[in-house]
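Input: a single structure, listed below in C-alpha cells.
Each chain gets a letter, A, B and so on, in the order the sequences are listed, and its residues count up from 1. What you see is a predicted model, and the numbers here were worked out from it, not measured in a lab. These numbers come from the heavy atoms of this one structure, side chains and all, not from hydrogens, waters or symmetry mates.
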2 protein chains.
Amino acid sequence: MSILLEAPTTADYKNPMNIEKSDLPKIEHAPQTLRDIVQERMRTAIIEGHFAPGERLVERPLCDQLGVSRTVIRETIRYLEAEGLVEIIPNRGPIVALLDWDQAEQIYDIRKQLEGSAAAVCAQCYGGDFAAQLREALATLNASMNDSEWIGVMRATTRFYEVIFYEAGHAIAWDIVQRLNGRISRLRVLTLSAKDRPKPGFSHMTAIYDAILSRDAQAAQAAVQAHILDASAIAQRFLRKETTKVENDG
Amino acid sequence: MSILLEAPTTADYKNPMNIEKSDLPKIEHAPQTLRDIVQERMRTAIIEGHFAPGERLVERPLCDQLGVSRTVIRETIRYLEAEGLVEIIPNRGPIVALLDWDQAEQIYDIRKQLEGSAAAVCAQCYGGDFAAQLREALATLNASMNDSEWIGVMRATTRFYEVIFYEAGHAIAWDIVQRLNGRISRLRVLTLSAKDRPKPGFSHMTAIYDAILSRDAQAAQAAVQAHILDASAIAQRFLRKETTKVENDG
DNA sequence: TTCAATATTGTGGTATACCATCATACCATA
DNA sequence: TATGGTATGATGGTATACCACAATATTGAA
C-alpha cells in the first residue's frame, strides 16, 4: 500500500490527517474539508498507480490508513465512483476501475475532439499573457522530460493543456478531460515511462504551440489530434500486450 | 417539495423505500441498493424540476422525506455533486446547482461535438436492426410531441440519441452527454414546454434520421449540429431573460 | 431609541457503535 | 476425498452523539 496513505502515528482526532498549518500556507481559513483532502489523496493514489486496477478498496483498512471515519471514506468512494475511477461490485464493494482497450479508445476519441476544439478556439482568440503562459508550460515540459520522471512529465503535460483550455474558456470540457485522463492514467504512465521515445511527444507539443501562437486554428486542431493519435497508438500496444493479464486479475 | 420524495407512511426499516415485489418483477434478488434508489429519485427530482436551482438540500428533512438515514443521503449528495447536479457551499451545505449562460453554452458546444461525432460514426457503420430501432424512436418522439407532455418529449429525444450513441459504440460519450443534459435539464424543459414551436424540433430529428439512414456521415453530423444550435439559441433566449432572477436567488 | 454583544438555534462535519446480509474460506465429518 | 456446515470478514444500512460554525434573535448598555 502506498506511503501516501499512511495513517497519523497517533489517533489524533483533532488533527486526523496530520495537517499542519505549514501545509496550508496560502489561505488562513482553508475551507478545505476532510472529504476534499481524502478525495484528493485517494484520487492521486489511484492515478499515480499506488493502487492496482481491480484492487479492492476495503473501507475499514482505509479508515485506519487515513485516520478518518467510515463516513468520509464512503462519501469519497461515492464521489470517485461517479468520476469513473472506482467501480462498485454488488455485495463485494468498491474496486479500482478496470480498463479495456474499447473504453480507452473511446476516451482517446473524446479527448481528440475536446482538446482539438479547445486548441482551435484558443488559436483564434487568445490574448493577454497567454503566449507567455504557454511558453512557460512548454519550457517546464521540456525540463521535466530531461528528468526522466514520468510524474513530472504528466503534470507538465496537464499544465500545458490546462492553459489552452482555460484560455479557450472551455472549463467544463477541461473538467471532463481531466476525469477521462484519470481513467486512463495507467496508460499514460506506461506511454511516458516507456520512454525510449521522449522526443516525438515533445515535438508534437511544440507543433501545437507553434500552430496556436501563429493563430492557425486548423493546424492547431490537427496538431493536437496527431499528438493524441500517437499517444493512443502507443497505449494500444501496451494495453493489448497486457490484456490477458488484466483480465485474469478481474 | 416534490411528491416524488414522500416518505413511507410508517417507519418500516425492512422496506424503507416502499419497494414492493411487484416493482421488481424481473429479478428476484434485485441487487439495487438503497443508495441507488435514492440517487435515482433525487436525480430525477432535480432534473424534472421538482427542486428549484439554488434550493438548499438540507440533510435531515431529506432523511425524513425519504425515510432513510443521513449516511445514505450524504453519499447520494456526494455522487450528485460529482455529476455536477449539486453544488456544495462551504459551511452552508448542498444546493441544487445553478446554471449561467456561459456554462450552458459550453455544454451545448460539447454536445455538438460528441453527438455530431456519434451520428457520423453511426451513419458509416450501422447495421443489424439499428434502422428499425431508430425509426421506432422517431415514431415515439412524434407521438409524444402530440401529447404536449414535455417530459415525454424529453424522454423520447433521449431515447433517440441513445440508440445512435450505442450503435456508434460511444458508450462513454453517451454517459458524458447524459450528465451534461442533467445539468441543463432546466433549459431543456423550458425549450420543450414553451411549445409554440414543436415542429422545428421534429423536422431536425427527421433530418438526422434521414441523413444517418442514407449513410451520409457529413450530413448526419451537420444535422445534429443544426439541431443543437437551434436548441441552444432558444435556450439562450430563456436563460438571458431570467438571468437577473436567478442571480438574485443565488 | 439604537447599537453592540451575547445567547440560541439550526446545520454541517465527524466519529462511533450496532445490526443484517452476503460471500468466502475453513474445517469436520461421512 | 468430497461435501456440507460453520466461522469469519466485508459490506450495506441505521442511529446517535458530539463539535464547529453561521445566522439570527435577544438582551443589555450607551
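No contact: B:Ile73 has no heavy atom under 4.0 Å from any strand.
With salt bridges taken as basic N to acidic carboxylate O contacts below 4.0 Å, one links B:Glu81 and B:Arg78. Between B:Asp175 and B:Arg179 there is a salt bridge, since a side-chain N of the basic residue sits under 4.0 Å from a carboxylate O of the acidic one. Using a cutoff of 4.0 Å between basic side-chain nitrogens and carboxylate oxygens, B:Arg159 and B:Glu162 are scored as salt-bridged. Salt bridge annotation for B:Glu48-B:Arg188: absent, with no cationic side-chain nitrogen under 4.0 angstrom from a carboxylate oxygen.
Few gaps surround CD on B:Gln178; more than 12 heavy atoms of other groups in view lie less than 6.0 Å from it.
The interatomic distance linking A:Asp36 (CG) with C:dG12 (P) rounds to 16 Å, in whole Å. Rounded to whole angstrom, the span from the CG atom of A:Leu66 across to the C1' atom of C:dT14 amounts to 15 Å. Atoms CZ (B:Arg78) and P (C:dG13) sit 6 Å apart, rounded to a whole Å. Following rounding to the nearest Å, B:Glu75 (CD) and D:dT14 (C1') show an atom-to-atom distance of 12 Å. Atom-to-atom, CD of A:Glu59 to C1' of D:dG12 comes out at 8 Å; the value is rounded to the nearest Å. In this structure, A:Ile88 atom CD1 and D:dT11 atom P are separated by 10 Å, rounded to whole Å. Protein atom CZ of B:Arg35 is 11 Å distant from nucleotide atom P of D:dT14, rounded to whole Å. Rounded to an integer number of Å, the gap from A:Ile37 CD1 to C:dG13 P is 13 Å.
Comparing D:dA15, D:dA10, C:dG13 by their closest approach to the side chain of A:Arg56 singles out D:dA10. For B:Arg70, whose side chain is taken as the heavy atoms from C-beta onward, the closest listed nucleotide among C:dG13, C:dT11, C:dA15 is C:dG13. With D:dG12, C:dG12, D:dT11 as the choices, the nucleotide that has an atom nearest any side-chain atom of A:Arg60 turns out to be D:dT11. For B:Ser69, the side-chain atoms get nearest to D:dA15 when compared with the rest of D:dG12, D:dA15, C:dT14.
For A:Arg74, a side-chain nitrogen or oxygen approaches OP1 or OP2 of D:dG12 to under 4.0 Å.
Across the interface with DNA chain D, nearest-nucleotide mapping of B:Thr71 and A:Val58 shows A:Val58 to be the residue nearer the 5′ end.
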